[in-house]
Number of protein chains: 2
Amino acid sequence: MSEDAHCATCDEWLTLLQNSGYRLTAPRRVVVEIMVHSTHVLEPVELYDRGRDQFPGLGLVTVYRTLEKLTQLGLVQRVHQEGGCNVYLCAAQGHQHLLVCEVCGKIVYFSGDDLSDLIARIAAQTGYQIRGHWLQFFGVCRDCQG
Amino acid sequence: MSEDAHCATCDEWLTLLQNSGYRLTAPRRVVVEIMVHSTHVLEPVELYDRGRDQFPGLGLVTVYRTLEKLTQLGLVQRVHQEGGCNVYLCAAQGHQHLLVCEVCGKIVYFSGDDLSDLIARIAAQTGYQIRGHWLQFFGVCRDCQG
DNA sequence: GTAACTGCAAACGCTTTGCACCAAG
DNA sequence: CTTGGTGCAAAGCGTTTGCAGTTAC
């Protein structure tokens with residue numbers, strides 16, 4: 001878990017960063033490693049705090065800048081919630097949607113929705129050109145139901 | 001349009017405010033009147049600017065405080081978008097979802113989605129207690145397609 | 001060696017709070 | 001008359017920017 005050299009997904013992310021013209025630096029490796037393995041949504045500050053456990057010199061600004069790059073590359077996404085919109089997460093794989101625990105932020109991806117009929121109907125009714133949609137579920141995970 | 005005394009919906013909102021223990025003041029009437037009639041999402045500052053056309057003494061702080069109250073009463077809702085989460089809108093009527101124009105912010109409400117099967121399946125698969133969902137569509141309205 | 005990256009400090013924009021004055025009921 | 005509401009100014013918070021030193025390549 002803590003040795004990113006042993007994590008295939010970390011390697012993929014780092015390779016993609018490098019192939020996109022970015023350099024592989026210690027702070028970036030740390031951010032990548034934490035994001036790849038996180039099962040819960042993370043605020044930038046939380047990422048910063050965890051990152052400093054591994055790399056004490058890490059700066060919060062670097063966390064923001066790295067999240068920005070990872071988001072542009074489609075590896076990370078921002079999650080919007082009632083209480084705030086400043087948490088981040090591994091991006092969905094293809095057409096997946098998100099289920100977030102309102103208590104602890106634990107997340108699950110799922111697929112299987114079919115909104116194509118609804119989208120076609122709405123487009124016809126409104127004249128809007130539909131470009132995208134958000135479907136996101138909120139709940140309480142098993143661990144937080146007690 | 002500008003005479004809130006002639007608008008039934010404005011009267012409803014103002015009555016609800018009063019019945020909830022709030023006083024009816026000039027700034028509140030202005031905010032209510034603008035929100036009720038807006039067909040586009042509005043930032044607090046936009047609301048403030050428009051409000052001052054009708055009531056020059058209006059303060060931005062009052063706009064925030066009134067939006068907060070209207071949101072608590074379920075009359076107004078915040079809308080989240082890729083570019084930011086600080087726009088407000090009349091709340092949906094019952095179980096409706098939102099279609100937002102990405103260019104001008106013009107909004108349309110619609111209903112007719114049926115996610116109950118999907119929700120039941122996700123709850124069974126994940127063990128989460130599902131408490132709510134967001135379904136929101138983004139597109140370009142007819143006026144902005146040119 | 002050079003260009004990209006880093007961390008710090010300062011600036012920024014949006015939102016909230018403290019407070020004295022004012023007005024609805 | 002009393003209490004809630006108001007606007008101003010200042011503080012707060014998360015995020016971004018400027019910059020000089022550092023590091024990957």
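First the proteins, then the strands, lettered A, B, ... as listed; each starts at 1. Side-chain atoms are counted along with the backbone in the values below, which use heavy atoms only and exclude waters and symmetry mates.
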For this session: Please report, rounded to the nearest Å, how far the C1' atom of C:dC14 is from the CG atom of B:Leu47.
Result: 15 Å
Exercise. Quick one: A:Leu58 CG to C:dT6 P, roughly how many Å, whole number?
Worked result: 9 Å
For this session: Verify the ring-centre separation between A:His80 and B:Trp134: is it less than 6.0 angstrom?
Result: no
For this session: List for me each residue that meets salt bridge (charged side-chain N to carboxylate O under 4.0 Å, His left out) alongside A:Asp53, sequence neighbours excluded, and say none if there are none.
Result: none
What does the list of N/O pairs under 3.5 Å between the protein and nucleotides 19-23 of chain C look like, with a distance for each?
none

For this session: Quickly work out the A:Arg28 CZ to D:dT23 P distance and round it to whole Å.
Result: 15 Å
Seminar exercise, completed: A correct dot-bracket answer for DNA chain C, with pairs being Watson-Crick or G-U at under 3.5 Å, [ ] for crossing pairs and | for inter-strand pairs, is |||||||||||||||||||||||||
For this session: Could you tell me which residues satisfy salt bridge (charged side-chain N to carboxylate O under 4.0 Å, His left out) with A:Glu102, sequence neighbours excluded, listed by chain and number?
Result: B:Arg131
Problem set entry | Residues which pass side-chain contact (heavy atoms from CB on, under 4.5 Å) with B:Asp143, listed by chain and number, not counting sequence neighbours | B:Lys106, B:Cys141
For this session: Please determine, for the side chain of A:Gln18, which listed nucleotide (C:dG7, D:dT6, D:dC25) has the closest atom?
Result: D:dC25
Problem set entry | Those residues that, when tested against A:Ile119, pass side-chain contact (heavy atoms from CB on, under 4.5 Å) (two or more places apart) | A:Leu115, A:Ile130, A:His133, B:Phe137
Seminar exercise, completed: Residue set satisfying salt bridge (charged side-chain N to carboxylate O under 4.0 Å, His left out) with B:Arg52, at least two apart, ordered chain then number -> B:Asp49
Exercise. Between A:Tyr48 and A:Gly21, which is nearer to the 5' end of DNA chain C once each is assigned its nearest nucleotide?
Worked result: A:Gly21
Problem set entry | All side-chain hydrogen bond (donor to acceptor under 3.5 Å, both in side chains) counterparts of B:Tyr109, not counting sequence neighbours | B:Gln77
Exercise. Under 4.0 Å between a side-chain N/O of B:Thr25 and OP1 or OP2 of D:dT6, yes or no?
Worked result: yes
Seminar exercise, completed: Residues passing the side-chain contact (heavy atoms from CB on, under 4.5 Å) test with A:Glu43, sequence neighbours excluded, are A:Glu46, A:Asn86, A:Val87
Exercise. Can you list the residues that meet the side-chain contact (heavy atoms from CB on, under 4.5 Å) rule with B:Gln93, with sequence neighbours excluded?
Worked result: B:Gln96
For this session: Could you state the atom-to-atom distance from CD of B:Glu68 to C1' of D:dG5 in whole Å?
Result: 13 Å
Exercise. Would you say B:Arg121 has more than 12 foreign heavy atoms packed within less than 6.0 Å of its CZ?
Worked result: yes
Problem set entry | Interatomic distance where CG belongs to A:Asn19 and C1' belongs to C:dA4 [whole Å] | 17 Å
Output one line per pair: protein atom, nucleotide atom from nucleotides 12-16 of chain D, and distance, for all N/O pairs under 3.5 Å.
from	atom 1	to	atom 2	distance (Å)
D:dT15	OP2	A:Tyr64	OH	2.0
D:dT15	O5'	A:Tyr64	OH	3.0

Problem set entry | Pairing residues for B:Arg78 by the side-chain hydrogen bond (donor to acceptor under 3.5 Å, both in side chains) criterion, not counting sequence neighbours | B:Tyr88
For this session: Measure the distance from CZ on A:Arg52 to P on C:dC8 and round it to the nearest whole Å.
Result: 9 Å
Exercise. CG of A:Leu17 versus C1' of D:dC25: gap in Å, rounded?
Worked result: 15 Å
